Amino acid sequence: MKSPPRTPNSPLLSGPDWRQVVFYAVIIVMAVLGSYAYARWQWGYTAAQGSTLAFYALCWTQLLHVFNMYSCKRASLFINEITRYVWLALLLCVGLLLLTYYVPFLQAALSIQPIEGKALLLLIGSGVFPVLVVWISRQLRSIWQA
Amino acid sequence: MVTGDHPATALTIARQVQLVKLDDTLTMTGKQLRPADQLTPAERGQLLQCRVFARVSPAQKLALIDFYQGQNDVVGMIGDGVNDAPALKKADIGIAMGLRGTQVAAEAADLVLKDDSFASVVQAIRQGRVIFENIRKFVIFLLSCNLSEIFVVALAAKMAS
(Lines give C-alpha, C1' and ligand atoms only; values in the text may rest on other atoms or scores of the structure.)
Protein backbone atom coordinates (compact mmCIF):
# COMPACT_ATOMS: atom_id res chain seq x y z
CA MET A 1 0.00 0.00 0.00
CA LYS A 2 3.01 2.26 0.27
CA SER A 3 3.52 2.34 -3.47
CA PRO A 4 1.21 4.62 -5.46
CA PRO A 5 -1.38 3.21 -7.84
CA ARG A 6 -0.40 2.87 -11.47
CA THR A 7 -1.80 5.39 -13.90
CA PRO A 8 -4.93 3.86 -15.46
CA ASN A 9 -3.88 4.66 -19.02
CA SER A 10 -0.27 3.51 -18.65
CA PRO A 11 0.71 0.63 -20.96
CA LEU A 12 1.15 -2.93 -19.70
CA LEU A 13 4.84 -2.86 -20.58
CA SER A 14 6.93 0.28 -20.21
CA GLY A 15 10.09 1.19 -22.15
CA PRO A 16 12.46 -0.53 -19.67
CA ASP A 17 10.27 -3.65 -19.82
CA TRP A 18 10.67 -3.82 -23.61
CA ARG A 19 14.43 -3.40 -23.25
CA GLN A 20 14.37 -6.21 -20.70
CA VAL A 21 12.47 -8.44 -23.18
CA VAL A 22 15.14 -7.86 -25.84
CA PHE A 23 17.93 -8.39 -23.29
CA TYR A 24 16.44 -11.73 -22.20
CA ALA A 25 15.95 -12.80 -25.82
CA VAL A 26 19.55 -11.93 -26.75
CA ILE A 27 20.95 -13.85 -23.75
CA ILE A 28 18.85 -16.91 -24.65
CA VAL A 29 19.99 -16.70 -28.29
CA MET A 30 23.63 -16.46 -27.18
CA ALA A 31 23.24 -19.57 -25.03
CA VAL A 32 21.46 -21.60 -27.71
CA LEU A 33 23.57 -20.62 -30.69
CA GLY A 34 26.72 -20.78 -28.57
CA SER A 35 26.07 -24.42 -27.75
CA TYR A 36 25.07 -25.11 -31.37
CA ALA A 37 28.25 -23.52 -32.71
CA TYR A 38 30.41 -25.29 -30.12
CA ALA A 39 28.92 -28.69 -30.94
CA ARG A 40 29.26 -28.16 -34.68
CA TRP A 41 32.73 -26.71 -34.88
CA GLN A 42 34.42 -28.16 -31.82
CA TRP A 43 32.87 -31.60 -31.72
CA GLY A 44 32.18 -31.94 -35.44
CA TYR A 45 28.43 -32.47 -35.08
CA THR A 46 26.41 -32.69 -38.30
CA ALA A 47 23.81 -30.02 -39.07
CA ALA A 48 21.03 -32.45 -38.05
CA GLN A 49 22.71 -33.25 -34.73
CA GLY A 50 23.35 -29.55 -34.19
CA SER A 51 19.65 -28.84 -34.80
CA THR A 52 18.70 -31.47 -32.24
CA LEU A 53 21.07 -29.93 -29.72
CA ALA A 54 19.79 -26.41 -30.48
CA PHE A 55 16.19 -27.61 -30.09
CA TYR A 56 16.86 -29.05 -26.64
CA ALA A 57 19.00 -26.07 -25.65
CA LEU A 58 16.20 -23.67 -26.65
CA CYS A 59 13.59 -25.69 -24.72
CA TRP A 60 15.80 -25.97 -21.67
CA THR A 61 16.83 -22.29 -21.58
CA GLN A 62 13.18 -21.25 -21.96
CA LEU A 63 12.19 -23.56 -19.12
CA LEU A 64 14.85 -22.14 -16.82
CA HIS A 65 13.98 -18.62 -17.96
CA VAL A 66 11.19 -18.72 -15.37
CA PHE A 67 13.89 -18.16 -12.73
CA ASN A 68 14.52 -14.73 -14.25
CA MET A 69 10.96 -13.65 -13.49
CA TYR A 70 11.26 -12.91 -9.77
CA SER A 71 10.50 -9.32 -8.89
CA CYS A 72 13.11 -8.49 -6.23
CA LYS A 73 16.20 -6.79 -7.55
CA ARG A 74 18.39 -8.89 -5.31
CA ALA A 75 17.07 -12.30 -4.47
CA SER A 76 18.29 -15.80 -4.09
CA LEU A 77 18.22 -17.76 -7.33
CA PHE A 78 16.15 -20.63 -6.04
CA ILE A 79 14.53 -19.32 -2.85
CA ASN A 80 12.15 -16.71 -4.20
CA GLU A 81 8.45 -16.41 -4.95
CA ILE A 82 8.60 -19.15 -7.59
CA THR A 83 6.25 -21.66 -6.11
CA ARG A 84 6.33 -25.41 -5.94
CA TYR A 85 3.86 -25.49 -8.84
CA VAL A 86 6.56 -24.01 -11.06
CA TRP A 87 8.95 -26.72 -9.91
CA LEU A 88 6.31 -29.35 -10.71
CA ALA A 89 5.70 -27.78 -14.13
CA LEU A 90 9.44 -27.84 -14.77
CA LEU A 91 9.61 -31.52 -13.87
CA LEU A 92 6.69 -32.26 -16.17
CA CYS A 93 8.29 -30.38 -19.07
CA VAL A 94 11.63 -32.12 -18.58
CA GLY A 95 9.73 -35.41 -18.66
CA LEU A 96 8.10 -34.42 -21.94
CA LEU A 97 11.50 -33.50 -23.39
CA LEU A 98 12.86 -36.89 -22.37
CA LEU A 99 9.90 -38.53 -24.11
CA THR A 100 10.73 -36.72 -27.35
CA TYR A 101 14.22 -38.19 -27.19
CA TYR A 102 13.35 -41.75 -26.25
CA VAL A 103 9.94 -42.44 -27.87
CA PRO A 104 10.56 -43.52 -31.48
CA PHE A 105 7.53 -41.92 -33.17
CA LEU A 106 8.19 -38.63 -31.42
CA GLN A 107 11.83 -38.88 -32.45
CA ALA A 108 10.74 -39.32 -36.05
CA ALA A 109 8.16 -36.53 -35.90
CA LEU A 110 10.70 -34.03 -34.55
CA SER A 111 13.68 -35.38 -36.57
CA ILE A 112 15.62 -35.95 -33.37
CA GLN A 113 19.15 -37.28 -33.91
CA PRO A 114 21.10 -39.19 -31.27
CA ILE A 115 23.53 -36.98 -29.38
CA GLU A 116 26.34 -37.95 -27.04
CA GLY A 117 26.22 -37.90 -23.25
CA LYS A 118 28.69 -35.03 -23.08
CA ALA A 119 26.12 -32.88 -24.94
CA LEU A 120 24.03 -33.04 -21.76
CA LEU A 121 26.63 -30.91 -19.99
CA LEU A 122 26.51 -28.41 -22.84
CA LEU A 123 22.70 -28.34 -22.59
CA ILE A 124 22.76 -27.80 -18.84
CA GLY A 125 25.32 -25.04 -19.32
CA SER A 126 23.24 -23.33 -22.00
CA GLY A 127 20.21 -23.32 -19.66
CA VAL A 128 22.10 -22.06 -16.64
CA PHE A 129 23.98 -19.36 -18.58
CA PRO A 130 21.02 -16.92 -19.04
CA VAL A 131 19.91 -17.38 -15.42
CA LEU A 132 23.39 -16.62 -14.16
CA VAL A 133 23.85 -13.63 -16.48
CA VAL A 134 20.51 -12.12 -15.44
CA TRP A 135 21.16 -12.82 -11.77
CA ILE A 136 24.62 -11.25 -11.89
CA SER A 137 23.33 -8.23 -13.84
CA ARG A 138 20.62 -7.68 -11.21
CA GLN A 139 23.13 -7.94 -8.38
CA LEU A 140 25.43 -5.46 -10.09
CA ARG A 141 22.57 -3.07 -10.86
CA SER A 142 21.32 -3.12 -7.26
CA ILE A 143 24.86 -2.51 -5.95
CA TRP A 144 25.25 0.30 -8.49
CA GLN A 145 21.94 1.88 -7.44
CA ALA A 146 22.58 1.48 -3.68
CA MET B 1 -14.35 10.80 3.90
CA VAL B 2 -17.24 12.30 2.01
CA THR B 3 -20.58 11.98 3.75
CA GLY B 4 -24.03 13.45 3.89
CA ASP B 5 -23.87 13.40 7.72
CA HIS B 6 -23.25 16.28 10.14
CA PRO B 7 -19.64 17.63 10.24
CA ALA B 8 -19.21 16.81 13.96
CA THR B 9 -20.30 13.21 13.41
CA ALA B 10 -18.02 12.89 10.40
CA LEU B 11 -15.02 14.34 12.26
CA THR B 12 -15.56 12.08 15.29
CA ILE B 13 -15.64 8.96 13.14
CA ALA B 14 -12.66 10.15 11.11
CA ARG B 15 -10.68 10.56 14.35
CA GLN B 16 -11.74 7.13 15.60
CA VAL B 17 -10.55 5.42 12.43
CA GLN B 18 -7.40 7.61 12.44
CA LEU B 19 -8.22 9.18 9.12
CA VAL B 20 -7.27 12.52 10.71
CA LYS B 21 -5.18 13.46 13.73
CA LEU B 22 -6.94 14.21 17.01
CA ASP B 23 -6.12 17.92 16.78
CA ASP B 24 -7.17 18.14 13.14
CA THR B 25 -10.37 20.11 12.77
CA LEU B 26 -10.34 20.81 9.06
CA THR B 27 -13.67 19.78 7.62
CA MET B 28 -15.55 21.17 4.67
CA THR B 29 -19.27 21.12 4.16
CA GLY B 30 -21.25 20.96 0.99
CA LYS B 31 -22.09 24.65 1.29
CA GLN B 32 -18.38 25.55 1.19
CA LEU B 33 -17.71 23.48 -1.90
CA ARG B 34 -17.75 25.48 -5.09
CA PRO B 35 -17.39 24.30 -8.69
CA ALA B 36 -13.77 23.38 -9.47
CA ASP B 37 -13.43 25.97 -12.24
CA GLN B 38 -14.30 28.78 -9.80
CA LEU B 39 -11.74 27.80 -7.15
CA THR B 40 -8.79 30.05 -6.35
CA PRO B 41 -5.37 28.36 -5.95
CA ALA B 42 -5.65 28.78 -2.16
CA GLU B 43 -9.08 27.11 -2.09
CA ARG B 44 -7.77 24.37 -4.34
CA GLY B 45 -4.91 23.76 -1.88
CA GLN B 46 -7.34 23.70 1.05
CA LEU B 47 -9.56 21.23 -0.78
CA LEU B 48 -6.60 18.93 -1.40
CA GLN B 49 -5.60 19.08 2.28
CA CYS B 50 -9.07 18.43 3.64
CA ARG B 51 -9.72 14.82 4.66
CA VAL B 52 -13.33 15.10 5.82
CA PHE B 53 -16.26 16.43 3.82
CA ALA B 54 -19.71 16.57 5.41
CA ARG B 55 -23.22 17.45 4.31
CA VAL B 56 -22.19 16.67 0.76
CA SER B 57 -24.84 15.99 -1.88
CA PRO B 58 -24.51 13.17 -4.44
CA ALA B 59 -23.85 15.76 -7.17
CA GLN B 60 -21.00 17.22 -5.11
CA LYS B 61 -19.55 13.74 -4.61
CA LEU B 62 -19.37 13.46 -8.38
CA ALA B 63 -17.74 16.89 -8.62
CA LEU B 64 -15.17 15.93 -5.96
CA ILE B 65 -14.23 12.76 -7.86
CA ASP B 66 -13.89 14.85 -11.00
CA PHE B 67 -11.67 17.29 -9.11
CA TYR B 68 -9.30 14.60 -7.82
CA GLN B 69 -9.16 12.88 -11.21
CA GLY B 70 -8.23 16.29 -12.65
CA GLN B 71 -5.25 16.25 -10.26
CA ASN B 72 -4.16 12.94 -11.89
CA ASP B 73 -5.16 11.00 -8.80
CA VAL B 74 -6.60 7.51 -9.00
CA VAL B 75 -9.92 7.73 -7.17
CA GLY B 76 -11.59 4.88 -5.34
CA MET B 77 -15.11 5.50 -4.08
CA ILE B 78 -16.74 3.41 -1.38
CA GLY B 79 -20.50 3.72 -1.09
CA ASP B 80 -23.63 1.81 -0.23
CA GLY B 81 -26.65 3.95 -1.07
CA VAL B 82 -28.67 4.48 -4.22
CA ASN B 83 -27.43 8.08 -4.38
CA ASP B 84 -23.83 6.86 -4.40
CA ALA B 85 -24.34 4.98 -7.67
CA PRO B 86 -23.30 7.81 -10.06
CA ALA B 87 -20.13 8.49 -8.06
CA LEU B 88 -19.33 4.76 -7.89
CA LYS B 89 -19.58 4.67 -11.66
CA LYS B 90 -17.53 7.82 -12.14
CA ALA B 91 -14.65 6.79 -9.84
CA ASP B 92 -11.69 4.84 -11.22
CA ILE B 93 -12.76 2.04 -8.95
CA GLY B 94 -16.18 1.94 -7.34
CA ILE B 95 -16.47 -0.18 -4.21
CA ALA B 96 -19.89 -1.14 -2.85
CA MET B 97 -20.95 -2.76 0.40
CA GLY B 98 -22.27 -6.24 -0.26
CA LEU B 99 -24.18 -6.87 2.99
CA ARG B 100 -25.84 -3.58 3.87
CA GLY B 101 -25.47 -1.85 0.52
CA THR B 102 -28.20 -1.45 -2.06
CA GLN B 103 -28.47 -3.52 -5.20
CA VAL B 104 -28.07 -0.37 -7.30
CA ALA B 105 -24.75 0.48 -5.64
CA ALA B 106 -23.51 -3.09 -6.08
CA GLU B 107 -24.37 -3.02 -9.77
CA ALA B 108 -22.67 0.34 -10.32
CA ALA B 109 -19.51 -0.75 -8.48
CA ASP B 110 -16.41 -2.50 -9.82
CA LEU B 111 -15.79 -4.25 -6.52
CA VAL B 112 -18.33 -5.50 -3.98
CA LEU B 113 -17.23 -6.12 -0.40
CA LYS B 114 -18.95 -9.33 0.65
CA ASP B 115 -18.13 -8.71 4.31
CA ASP B 116 -18.57 -4.89 4.38
CA SER B 117 -15.09 -4.66 5.91
CA PHE B 118 -12.78 -1.81 4.95
CA ALA B 119 -9.81 -4.10 5.62
CA SER B 120 -10.96 -6.16 2.63
CA VAL B 121 -10.28 -3.16 0.39
CA VAL B 122 -6.60 -3.32 1.34
CA GLN B 123 -6.64 -7.06 0.70
CA ALA B 124 -8.32 -6.54 -2.67
CA ILE B 125 -5.75 -3.93 -3.72
CA ARG B 126 -2.93 -6.26 -2.68
CA GLN B 127 -4.44 -9.16 -4.62
CA GLY B 128 -5.09 -6.95 -7.63
CA ARG B 129 -1.48 -5.78 -7.70
CA VAL B 130 -0.21 -9.36 -7.45
CA ILE B 131 -2.44 -10.42 -10.34
CA PHE B 132 -1.40 -7.46 -12.47
CA GLU B 133 2.30 -8.09 -11.73
CA ASN B 134 1.89 -11.76 -12.65
CA ILE B 135 0.23 -10.86 -15.95
CA ARG B 136 3.07 -8.42 -16.68
CA LYS B 137 5.71 -11.02 -15.86
CA PHE B 138 3.97 -13.60 -18.00
CA VAL B 139 3.86 -11.22 -20.97
CA ILE B 140 7.59 -10.45 -20.50
CA PHE B 141 8.33 -14.17 -20.26
CA LEU B 142 6.31 -15.02 -23.34
CA LEU B 143 7.62 -12.16 -25.47
CA SER B 144 11.26 -12.82 -24.58
CA CYS B 145 10.85 -16.54 -25.33
CA ASN B 146 9.14 -15.89 -28.67
CA LEU B 147 11.62 -13.20 -29.65
CA SER B 148 14.50 -15.57 -28.86
CA GLU B 149 12.90 -18.21 -31.12
CA ILE B 150 12.69 -15.73 -34.00
CA PHE B 151 16.33 -14.73 -33.48
CA VAL B 152 17.49 -18.34 -33.20
CA VAL B 153 15.70 -19.42 -36.38
CA ALA B 154 16.93 -16.39 -38.33
CA LEU B 155 20.54 -16.63 -37.13
CA ALA B 156 20.73 -20.43 -37.39
CA ALA B 157 19.57 -20.20 -41.02
CA LYS B 158 22.30 -17.63 -41.60
CA MET B 159 24.91 -19.85 -39.89
CA ALA B 160 23.87 -22.93 -41.84
CA SER B 161 24.01 -21.17 -45.23
Side-chain angles (χ1 to χ4, degrees), chain A residues 1-14 16-37 39-41 46-48 50-51 53-55 57-59 61-72 80-83 86 126 130 134, chain B residues 17-19 48 65-66 68-78 89-95 110-111 118-161:
Chain A
M1 289 302 287
K2 285 175 184 162
S3 51
R6 61 181 280 274
T7 319
N9 53 4
S10 63
L12 184 63
L13 297 185
S14 59
D17 291 332
W18 283 105
R19 281 196 289 276
Q20 201 175 31
V21 166
V22 174
F23 172 68
Y24 287 152
V26 168
I27 299 291
I28 291 173
V29 170
M30 282 168 67
V32 173
L33 291 186
S35 56
Y36 173 81
R40 280 216 65 187
W41 290 295
T46 62
S51 297
L53 191 95
F55 166 71
L58 186 61
C59 294
T61 49
Q62 290 189 349
L63 286 179
L64 291 193
H65 184 40
V66 73
F67 290 108
N68 297 328
M69 291 296 121
Y70 56 88
S71 37
C72 303
N80 50 49
E81 72 255 48
I82 292 168
T83 61
V86 172
S126 67
V134 171
Chain B
V17 297
Q18 297 177 353
L19 194 65
L48 285 170
I65 289 171
D66 211 30
Y68 284 112
Q69 284 176 334
Q71 304 291 316
N72 290 326
D73 284 327
V74 175
V75 183
M77 157 83 190
I78 306 175
K89 203 82 185 162
K90 168 83 181 155
D92 293 297
I93 177 154
I95 304 164
D110 303 296
L111 183 74
F118 287 109
S120 300
V121 178
V122 180
Q123 193 67 20
I125 292 171
R126 189 177 291 131
Q127 289 290 332
R129 286 183 177 184
V130 168
I131 292 167
F132 178 78
E133 191 56 28
N134 284 347
I135 292 171
R136 213 178 61 81
K137 276 183 198 164
F138 177 67
V139 171
I140 290 176
F141 178 85
L142 212 60
L143 282 175
S144 52
C145 283
N146 290 350
L147 194 63
S148 70
E149 283 165 24
I150 293 169
F151 285 163
V152 164
V153 170
L155 292 173
K158 189 94 177 160
M159 283 165 86
S161 62

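Quantities reported herein were computed from a predicted structural model and do not represent experimental measurements. Residue numbers start from 1 in every chain, and the chains themselves are labelled A, B, ... in the order their sequence lines are given, proteins ahead of strands. Below, all heavy atoms of this structure are taken into account, side chains as well, without hydrogens, waters or symmetry copies.
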Contact class of [X] relative to chain A, heavy atoms under 4.5 angstrom:
X	answer
F132(B)	side chain
I125(B)	side chain
R126(B)	neither

Looking only at heavy atoms, which two atoms of [X] and [Y] are closest? And how far apart?
X	Y	value
H65(A)	C145(B)	CD2-SG, 3.8 Å
V152(B)	V29(A)	CG2-CG2, 3.9 Å
F141(B)	V66(A)	CE1-N, 3.6 Å

**Q.** Heavy-atom side-chain proximity of S144(B) to Q20(A) below 4.5 angstrom
**A.** no
**Q.** Q62(A) CD to N146(B) CG distance, which is reported to the nearest 0.5 Å
**A.** 7.5 Å
Q.
Let me confirm one number: the CG-OH distance from L143(B) to Y24(A), rounded to the nearest 0.5 Å.
A. 12.5 Å
Q | Contact winner vs chain B - D17(A), I28(A), L58(A), V32(A), heavy-atom pairs under 4.5 Å | A | D17(A)
Q. What part of L13(A) gets closer than 4.5 Å to chain B, counting heavy atoms only: side chain, backbone, both or neither?
A. side chain
Taking every non-hydrogen pair under 4.5 Å, which of [options] racks up the most with chain A?
options	result
V122(B), I135(B), I140(B)	I140(B)
V139(B), I150(B), D73(B), D92(B)	V139(B)
N72(B), L155(B), V74(B)	V74(B)

Q: Take atom CH2 of W41(A) as the centre, draw a 6.0 Å sphere, and report whether it contains more than 12 heavy atoms from other residues, nucleotides or ligands.
A: yes
